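We name chains A, B, ... by the order of the sequence lines, and we start the count at 1 in each one. Please read these numbers as outputs of a predicted model, since none were measured by experiment. When reading the values below, keep in mind they use all heavy atoms of this one structure, side chains included, and skip hydrogens, waters and symmetry mates.
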Amino acid sequence: MSNAVIRKTLVSLAVAGAVTVAQADVVIGVAGPHTGAYAAFGAQLWNGASAAAQAINDAGGIDGEMIKLVKADDACEPKQAVSVANRLVDSDEAIAVVGHFCSSSSIPASNIYEEAGVLQVTPASTNPGFTDRGLPNVFRVCGRDDQQGDVAASYIVDTLAAKRVAVIHDKDTYGKGLADAMKKTLNSYGVKEVLYEGLTRGEKDFNALVTKIRSVDADVVYFGGLHSEAGPLVRQLREQGSKAVFISGDGIVSDEFVSVAGSPKYVDGVLMTFGADPTSYAAGKSVVEKFRAEGIEPEGYVMYSYAAMQVVAEALKQTDLDPVKAADWLHGNKVETVMGTKSFDEKGDLLVSDYVMYEWDDKGKYSMLDM
Amino acid sequence: MDIILQQLVNGLSLGSVYGLIAIGYTMVYGIIGMINFAHGDVYMVSAYVTAIAIALLSFFGIESFPVVILGTLIFTIFVTGVYGWVIERVAYRPLRGSSRLSILISAIGMSLILQNYVQLSQGAKQQGVPTLLSGAIRFEVGDGFVQLTYMKLFILCASFIGMGVLTYIIQKTKLGRMCRATQQDPKMASILGIDTDKIISTVFVIGATMAALAGVLVTLDYGGFDFYVGFIIGIKAFTAAVLGGIGSLPGAMLGGIILGLSEALFAGLISSDYKDVFSFSLLVIILIFRPSGLLGKPEVEKV
């Protein structure tokens, strides 16, 4: 018998024991950077997950079993993530984990959970590599970096009905990855880009590239990259008289985008994809109010963690607290959460990502577009 | 057709900026035979000083473009000139006469000091200055148009005036004669009564003022800058200086223009992914056939 099978058997024995004894709690780990530079995110994770667990326990727990949360601190370091994952699995006997926060922690830790047959739902790790390795036990309630590209491509084709799209990237892992994902979806809709080029990070003069964009008569410019290059690029585009719609991803969601562009008038009308405001869902209205009444602002990943805990609890409830079966169940079923209905594909990614379009205005602020 | 003309305009304005910064490299090399590796960072400092100058002027309610640009130029050139002088005093003069390697390292150290000092004192964030001069001249060409923004026109004029004034100083004035004498033979020049230390300081200051001129122009044109902005443009300007023949003043300008044009034309007509590959290959090819650069004179070993 392999190590993994022994572990799985042990876990199922432990779980079976828990069910028969009926007094033991359901142990769920909340793994993330509870200390260190990213501790603020760890606090968001804990606030969301513990509020959800409290609400579920108040409503009778999972099949009468109370949820007991265990804080697991990875400090956003891959090595520490692996060691806390081992601890969660071996000594705490957790059957599910909400976390981790950083992709660089979630990915190595997920191997430990897979061996032990533990369900892992991350509220925040967006790197495609988390789910792309084909592990059966990993899920996320946030978007993937490449789903942004899909949302942008659909918007370009459906809403803007653009025919001539120029795709520009900054030759970097994030920027080129995003641009390539957008290009792939765009091509699948039958729209071929009229220009595909990379620019050099750190430079400020993109006039030659802008003239080229002008020469191909693009009506949409999609940029995969960060605000430090997007700012000068959009400014020089406007200065050369191009009216092409400028679209980018969450790499430009920063006030610095406006200051680098030189003036809010240059960013007016720039579109970007970014996660939907998690407090805007109707399903989460009462939870948001409850948080605010307790003096906790449901910012950042608080609501994501709440939703992740709901996903874990619902799956465990449907499968008699068997995490392996729960993972299987999640691949084919929907879960109602405070962030709307979530359903997952065979890899564990959201079927419908929550990326939406935002638009910058002439005052240098951005707001969500109705879609 | 309009696209090629537009790329020529783009290349010319980019190249004139490279040329201005290249002057700093070429003059320092000409007089002490060393590369000033902190020069790109002097340019970076001038971008910050420009923003401070504009903020100060607007604090005093001065808004009109000619006054703002003149005030900013004077303030930035003065402050940056002081930086150039300090760099020479701190990183070069104490090491005069020691091995070339020590001076090289101290120059690189100076560059790191400037970068980190600016990052710590101003933050690592991207900064920006507002647009002061907008609008453009357009020429109809065939179906399309070629345009030159007023800011680009201003950059071209200002950099050619700057280069012209500098050429005049070096060729026609007493200070220029002393510079050329020191460049030719420092020992002989000092025997004949020239304070060579002072001349070397002056050359550093002149290089810094040219970088400051470029810093003001580029910052006003592109808006954004950060503590790292001197690195890439410094490398490009250094390349321009070598291309034109390091040590030669007209060479620096020619090298800058050639580099700017080749980048713009290659990016515009072939691919912007590979424009840097192209420019640096061009440099290698030129150096194979003319090892001392386009306008450089081969160094004669003095016996």
Side-chain angles (χ1 to χ4, degrees), chain A residues 166-172 175-176 179 195-217 223 225-242 251-252 254-268 364, chain B residues 2-11 13-15 17-18 47 51 125-132 134-136 138 144-147 149-152 218-226 228-233 235-236 260-261 263-276:
Chain A
V167 181
I168 312 294
H169 60 83
D170 66 357
K171 301 190 237 179
D172 198 54
K176 189 166 186 296
L195 184 67
Y196 178 79
E197 295 238 348
L199 50 77
T200 308
R201 283 182 77 173
E203 287 195 343
K204 298 285 174 221
D205 187 300
F206 305 123
N207 274 305
L209 181 60
V210 165
T211 300
K212 203 169 177 184
I213 292 171
R214 229 179 72 196
S215 75
V216 296
D217 201 18
F223 177 65
L226 304 174
H227 57 80
S228 41
E229 279 72 43
L233 182 61
V234 72
R235 173 178 179 151
Q236 286 160 35
L237 205 60
R238 298 296 176 246
E239 277 179 350
Q240 282 202 28
S242 166
I252 66 167
S254 159
D255 290 344
E256 291 175 45
F257 176 50
V258 185
S259 61
V260 185
S263 150
K265 74 174 182 193
Y266 292 112
V267 304
D268 185 21
Chain B
D2 56 323
I3 294 304
I4 295 178
L5 283 175
Q6 182 72 62
Q7 295 295 13
L8 287 174
V9 170
N10 296 341
S13 66
L14 183 62
V17 170
Y18 287 161
K125 280 176 71 123
Q126 292 274 335
Q127 314 272 350
V129 294
T131 328
L132 294 179
S134 48
R138 279 195 186 183
F145 60 87
V146 175
Q147 77 163 21
T149 58
Y150 292 138
M151 196 61 222
K152 288 270 187 294
V218 171
T219 307
L220 288 178
D221 191 20
Y222 300 136
F225 57 90
D226 58 39
Y228 201 58
V229 84
F231 180 72
I232 287 194
I233 206 160
I235 295 249
K236 292 278 171 72
L261 280 177
E263 274 192 9
L265 287 176
F266 189 84
L269 302 176
I270 302 166
S271 153
S272 81
D273 296 74
Y274 288 95
K275 77 172 167 46
D276 291 350

Task: Toward chain B, the part of A/K171 with a non-hydrogen atom under 4.5 Å - done: side chain
- [ ] Look at B/Q6, B/Q127, B/M151 and state which one has the largest set of heavy-atom pairs under 4.5 Å with chain A.
- [x] B/Q6
TODO: For the pair B/Q126 (side chain) and A/E256 (backbone), establish whether a donor and an acceptor sit closer than 3.5 Å, ignoring hydrogens and angles.
DONE: no
Task: Contacts of B/D276 that satisfy salt bridge (Lys or Arg N to Asp or Glu O under 4.0 Å) - sequence neighbours left out - done: B/K236
- [ ] Before giving the answer on side chain to side chain contact (heavy atoms under 4.5 Å, CB included), spell out for A/E203 and B/L14 the whole-Å C-alpha distance, their side-chain angles and the decisive distance to 0.1 Å.
- [x] CA-CA 11 Å; A/E203 287 195 343; B/L14 183 62; over 6 Å; no
Open item on the list: Is B/L220 close to chain A through its backbone or its side chain, or both, or neither, when contacts mean heavy atoms under 4.5 Å?
Closed with: backbone
Open item on the list: Could you tell me if the side chain of A/H169 sits less than 4.5 Å from the side chain of B/D273, heavy atoms only?
Closed with: yes
Task: Contact class of A/S215 relative to chain B, heavy atoms under 4.5 angstrom - done: both
Open item on the list: Quick check for you: to the nearest 0.5 Å, what is the distance between B/S134 atom OG and A/R235 atom CZ?
Closed with: 9.0 Å
Task: Engaged part of B/Y222 at the chain A interface, taking heavy atoms whose separation is under 4.5 Å - done: both
Open item on the list: For the interface with chain B, which of A/S228, A/S263, A/A261 has the highest count of heavy-atom pairs at distances below 4.5 Å?
Closed with: A/S228
TODO: Count the heavy-atom pairs under 4.5 Å between each of B/V218, B/T149, B/V129 and chain A, then report the option with the highest count.
DONE: B/V129
TODO: Would you give the length of the straight line joining atom OG of B/S272 to atom CD1 of A/I213, rounded to the nearest 0.5 angstrom?
DONE: 8.5 Å
- [ ] Search all heavy atoms of A/T200 against all heavy atoms of B/K275 and return the closest pair with its distance.
- [x] OG1-NZ, 4.1 Å
Task: Over all atoms of both residues, closest heavy-atom pair of B/T131 and A/Y266 - done: OG1-CE1, 3.4 Å
Open item on the list: Does the Lys NZ or Arg CZ of A/R214 fall within the cation-pi geometry relative to B/F145 - under 6.0 Å from the ring centre and within 45° of the axis?
Closed with: yes
- [ ] Between chain A and each of B/D226, B/V229, B/I233, B/D221, count heavy-atom pairs under 4.5 Å; write down the option with the most.
- [x] B/D221
TODO: Please flag which part of A/R201 lies under 4.5 Å from any non-hydrogen atom of chain B: side chain, backbone, both or neither.
DONE: backbone
Task: CD-CG distance between B/E263 and A/D205, expressed to the nearest 0.5 angstrom - done: 8.5 Å
TODO: Without swapping roles, check the side chain of A/K212 against the backbone of B/I3 for a donor-acceptor pair under 3.5 Å.
DONE: no
Task: B/A267 versus chain A, the contacting section by heavy-atom distance below 4.5 Å - done: both
